[in-house]
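Structure, as structure tokens:
In what follows, every heavy atom counts, from backbone to side chain, and hydrogens, waters and symmetry copies are set aside.
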Amino acid sequence: MHPTQPTRRHILNAGLGLGLAGLAPLAAHAAEDKYPSRPITLVVPFPPGGSVDIMARQYSEPLSSVLGVPIVVENRAGAGGSVASQMVARAKPDGYTLVVSSQSSHLANPLTQPKVGYDPVKDFENIAILGRQPNALVVHSSLPIKSFKEFIDYAKKNPGKLNYGSGGVGSMGQLNVEMLKAATGVFTTHIPYRGGSPLITAVLSNEVQFILDNLVIMLPHVQAGKVRALAVAADQRLPQLPDVPTMAEVGYPQLNLTSWTGLAAPGGTPDAIVQTLYKAVRQAAASPAMQASLKERGVIAPEEMTPAAFEKMMSERLVKFGEVVRKAGITAE
């Protein structure tokens, strides 16, 4: 099936009604410029309802308004995001098939899946960041731990007794903790789960004692007092958790890495199309409605990062986390 044929898809953004009054179409002269002149398919490599899917739907209507054509959101889950990413990497580079990229599909998978089938930099035009998600060290509230230092001290006094959870072998949740272990010298046991929902259940039930993962999935539970956030990976303290220090503040700036969700096109997409999409994302991201919507979900609004700067950041992280994967001997199932 060609990815631009709309079947079993969710068209535009249903239920995330963002104010669009300030978004004037960039493509008012589409007939002259040729792009875009028909619907664009936005492929989500994960099932509906997850953080990447929600981000795609937050942007679909604003981007449609800016570009002047429908944005068709299509979920194609499989292999932790690799199935859809490989499909888009091989799609026609004409700007009409795009993918919502993430650190799972464009960082963890290429590093931990030997036959992933695509290079996250060479096989894509990485266009723009849609949002950054702060990671957080979160522990179960029953633990006698109130600070990052207390966590490290407790883990060192009780080697192997703390279990940490992740969304699967080779996931960013595992890579984040392995980086923490390398930086602090603690020893903890990894318990992988199949995705975010069972991971949340495991943390809340104290089946695992901590995670270092996307704060977005745990923020409501932190605010409800069911779990405790000890440090966040963000440039500055978050307005939702003003008393929780950043990783830099607790002495580990190398752990102060936010996750990202982005927009990518097949490699070889003409630069004029890439720039049109980049400008559309920036215009949508800068709208007050989008800023408020992202903030409500605990997502950091994207900074102005050009496609070249985006790819540079990705390449640097591939090197950084590649070293973590090699030292820990991580290979995805």
Take Lys320 and Glu316 through the test salt bridge (charged side-chain N to carboxylate O under 4.0 Å, His left out) and record every step on the way to the result. CA-CA 6 Å; Lys320 183 186 291 287; Glu316 290 171 349; over 6 Å; no
Interatomic spacing from CD in Gln275 to OG1 in Thr306 - rounded to 0.5 Å: 8.0 Å
Candidate pair Tyr193 and Val208, rule side chain to side chain contact (heavy atoms under 4.5 Å, CB included), full reasoning: CA-CA 11 Å; Tyr193 294 87; Val208 295; 3.5 Å; yes
Summary of salt bridge (Lys or Arg N to Asp or Glu O under 4.0 Å) pairs that have at least one residue in residues 140-154, sequence neighbours excluded: Lys149-Asp153
Evaluate side chain to side chain contact (heavy atoms under 4.5 Å, CB included) for Ile71 paired with Glu61, printing each intermediate quantity in order. CA-CA 7 Å; Ile71 304 293; Glu61 188 176 348; over 6 Å; no
Measuring only between side-chain heavy atoms, which start at C-beta, is Tyr252 closer than 4.5 Å to Thr184? yes
Taking only Lys NZ, Arg NE, NH1 and NH2, and the carboxylate oxygens of Asp or Glu, determine whether Asp94 and Lys34 approach each other closer than 4.0 Å. no
Side-chain touch Pro245/Arg237, heavy atoms, less than 4.5 angstrom: yes
Answer yes or no: is there an ion pair linking Lys181 with Glu178, defined by an N-O contact shorter than 4.0 Å? yes
As an exercise, state the distance from NZ of Lys226 to CG of Asn206, rounded to the nearest 0.5 Å. 14.0 Å
Is any side-chain heavy atom of Gln103 closer than 4.5 Å to one of Gln133? no
Do the ring centers of His140 and Phe210 come within less than 6.0 Å of each other? no
Would you check if His106 and Trp260 make a side-chain contact, meaning some heavy-atom pair closer than 4.5 Å? yes
Residues Ser82 and Asn109: side-chain donor-acceptor under 3.5 angstrom: yes
Neighbour count above 12 (heavy atom, 6.0 Å) for Asp119 CG: yes
Taking the side chain as everything from C-beta on, heavy atoms only, tell me whether Thr261 gets closer than 4.5 Å to Ser51. no
